[in-house]
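Heavy atoms only: backbone and side chains are in, while hydrogens, waters and symmetry mates are out. Small disclaimer: the values here were computed from a predicted structure and weren't measured. In each ligand, atom 1 is the first atom listed, and ligand 1 is the first ligand listed.
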Amino acid sequence: MLLSNLLLVPTLGFNSHSKSEPTKISQFLANPTSKIKYSTSSGKAYGQNFVLRAQSVMGLEDVGVESGELGGEARKFYDAIVIGSGIGGLVAATQLAVKGARVLVLEKYVIPGGSSGFYERDGYTFDVGSSVMFGFSDKGNLNLITQALAAVGFEMEVIPDLTTVHFHLPNNLSVQVHREYSKFISEMTSKFPHEKEGILKFYGECWKIFNALNSLELKSLEEPIYLFGQFFKKPLECLTLAFFLPQNAGDIARKFIKDPEVLSFIDAECFIVSTVNALQTPMINAGMVLCDRHFGGINYPVGGVGGIAKSLAKGLVDNGSDILYKANVTNIIIEDGKAVGVRLSDGREFFAKTVISNATRWDTFGKLLKGETLPKEEENFQKNYVKAPSFLSIHMGVKADVLPPDTDCHHFVLENDWAKLEEPYGSIFLSIPTVLDSSLAPEGRHILHIFTTSSIDDWQGLSIEDYEVKKELVADEIITRLENKLFPGLKSSIALKEVGTPKTHRRYLARDSGTYGPMPRKIPKGLLGMPFNTTAIDGLYCVGDSCFPGQGVIAVAFSGVMCAHRVAADIGLEKKSPVLDAALLRLLGWLRTLA
Ligand SMILES: NC(=O)c1ccc[n+]([C@@H]2O[C@H](COP(=O)([O-])OP(=O)(O)OC[C@H]3O[C@@H](n4cnc5c(N)ncnc54)[C@H](O)[C@@H]3O)[C@@H](O)[C@H]2O)c1
Ligand SMILES: CC(C)=CCC/C(C)=C/C=C/C(C)=C/C=C/C(C)=C/C=C/C=C(C)/C=C/C=C(C)/C=C/C=C(\C)CCC=C(C)C
């Protein structure tokens, strides 16, 4: 190949690539073994790991990777590098790509999605994590998963789940959370007629929040032009949200409800989405999930949850950006106090104007930023939040006839004692996605995904044999509990079983201690203490569940939308006001210190 064929394309000036080009680049990125020498028209040599996109633009073969020094222009090639392709990272990346930014996503694993990924075994398609999808309807402003897919030209077929979750609780209390709000409320008030008014008032407060949220255009709360604009357009709604921002669901429930059993039920309602009780669950988050399930409903994507990440990753590439798998970022490169790029475990380096980390804040600041002192903001975050425990997960294929007819898709089981709600292995989550989409399992089979909270400390320091024995033992106990409570004959119906521990989560999701996300150390001031996307390090942003508003696929999607907006403003793709920026960021920083 002639060197004269080569042309380097500066980031922002480049926007007329062919459709086939990104795929080629991605193929190259996935296998960057070929090395050639190249230079620019200015004669300047470019160095290691710089991807030469121009060949693809011109329909030439993909090339890249050259040892040596990186030149200045090459460093500016990407607008943003995103570390990790969880839903948070992918939404940030795709939103930026459709705004015209050039993004590189670096994923350690072989497929996208992180805890919303999938895996296949013997004809089964298992969701790695949750199968309860909020924000996936065709209406309102809060259907963030639908909107994220639509932004890159995808629409997924979904199956409505008519019962969000079926609770099996102490004293044989059984509650089905029907999709239809009035049906759910009838069920609750028929079980607790003396608390009818309190129940209506508590869920009524949730609707106030949901309706306010649903009326806003959702963008970065760290961007003043947008934020003040929303206050101007929707003052009542914004004031409602500001009022609830520092409050928790448990306190509000106690204003209206006295019966301890109903309050415990609301604890369980909160626990399944936050892994803490209602007193520690921010009211805004409770309002969001306790209403979206009735407004847009819970909807399951045909073919499995993994399809969401696959579509986003494809949409990213279709929009001219890149994703590289088996790319384990070990360092964020800082120069003159600014994040300018990343280094992978195999030594490759990539540079960009901004770096967005979808790794948890503990991983980002504890592992990827080597030799940096922990910024004060992160110290505060770690003072207010600890890593939530991880999960023990059991993925099973079972004979279909073990499930009674009309079995619901999602179950939460806490057998005898409310006090065990937050204890490790105390309660059991169960999803049976094949109830909605039978194509996920071979004929005559169902998938059971069973999980329960478990700490990594329980699994450290064991020999390989002891680890395996313990896995079998703990899994057997959990399955026995489900057999006794829900499905007689469950054990003998098992056709396939795989058990994952917190160590599995740590290994495959690259999450410190396999954590599910942040959990308040004590009673939080609602969402006030949760950091947004900017960090104390110039050019470095975080996205995902250790950012506002926290855990949950829809929550991290919102974090992705916010992050993309803030980054776009910072790199000149959206309006920004440096003076207002400084004032708002200072104000938000100060508000967090009150938490
Ligand atoms: N843990 C669960 O069981 C589970 C299940 C379902 C959904 N969820 C939800 O998903 C949310 C998490 O979404 P998210 O977007 O924050 O993140 P995520 O954990 O799902 O994804 C992060 C991705 O970043 C990658 N990564 C991390 N460090 C990396 C590195 N150094 N180099 C390259 N890649 C790296 C991981 O491999 C992973 O793919 C959770 O809050 C949870 O509510 C969790
Ligand atoms: C800034 C300031 C100061 C102020 C101002 C005011 C305002 C304007 C404000 C605003 C705000 C906003 C917008 C907010 C937003 C928020 C949101 C969106 C949120 C969301 C959330 C969500 C969530 C949390 C979710 C979650 C979920 C989950 C977690 C899920 C899970 C599931 C599972 C685990 C499953 C279960 C299962 C079974 C049962 C089986």
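Geometrically, K108 does not engage Y325 in a cation-pi contact, judged by NZ or CZ lying under 6.0 Å from the ring centre and within 45° of the ring axis. Within the cation-pi definition used here (under 6.0 Å to the ring centroid, within 45° of the axis), R293 does not qualify as a partner of F134.
Counting heavy atoms closer than 4.0 Å to ligand 2, residue H411 contributes backbone atoms (N, CA, C, O) but none from C-beta onward. Only the side chain of L213 comes within contact range of ligand 2, with a heavy atom under 4.0 Å; no backbone atom does. Here R511 has side-chain heavy atoms under 4.0 Å from ligand 1, and that is the only part of it that gets that close. Contacts between S390 and ligand 1 below 4.0 angstrom, taking non-hydrogen atoms only, are absent altogether.
For the ligand labelled ligand 2, residue F244 lies outside the 4.0 Å heavy-atom shell. For the pair L106 and ligand 1, a heavy-atom separation below 4.0 Å is found. For the pair Q551 and ligand 2, a heavy-atom separation below 4.0 Å is found. For H449, the heavy-atom gap to ligand 2 stays at 4.0 angstrom or more. Between S431 and ligand 2 there is a heavy-atom distance shorter than 4.0 Å.
Ring centers of F184 and Y203: under 6.0 Å apart, within the cut-off.
To the nearest 0.5 Å, atoms OG (S174) and NE2 (H168) are separated by 6.0 Å.
In summary, R566 and D581 engage in a salt bridge, as defined by a charged side-chain N under 4.0 Å from a carboxylate O.
The protein heavy-atom contact nearest to atom 44 (C) of ligand 1 is S115 OG, 3.3 Å. The nearest protein atom to atom 36 (C) of ligand 1, hydrogens excluded, is given as L509 O, 3.4 Å; this is a heavy-atom distance. Summary of contacts: the protein heavy atom closest to atom 31 (N) of ligand 1 is V329 O, 2.9 Å. For atom 43 (O) of ligand 1, the nearest protein heavy atom (residue, atom name, distance) is G552 N, 2.5 Å. Looking from atom 16 (O) of ligand 1 to the surrounding protein, the closest heavy atom is D545 N, 3.1 Å. Considering only non-hydrogen protein atoms, atom 26 (N) of ligand 1 sits nearest to G84 CA, 3.9 Å.
Considering backbone and side-chain N/O atoms, V556 never comes within less than 3.5 Å of an N/O atom of ligand 1.
Counting non-hydrogen atoms of neighbouring residues, nucleotides and ligands closer than 6.0 angstrom, the NZ atom of K525 reaches no more than 12 such neighbours. Dense packing is recorded around NZ of K370, with more than 12 heavy atoms of other residues, nucleotides or ligands lying under 6.0 Å away.
Side-chain contact, E187 with H178: a donor N or O sits under 3.5 Å from an acceptor N or O.
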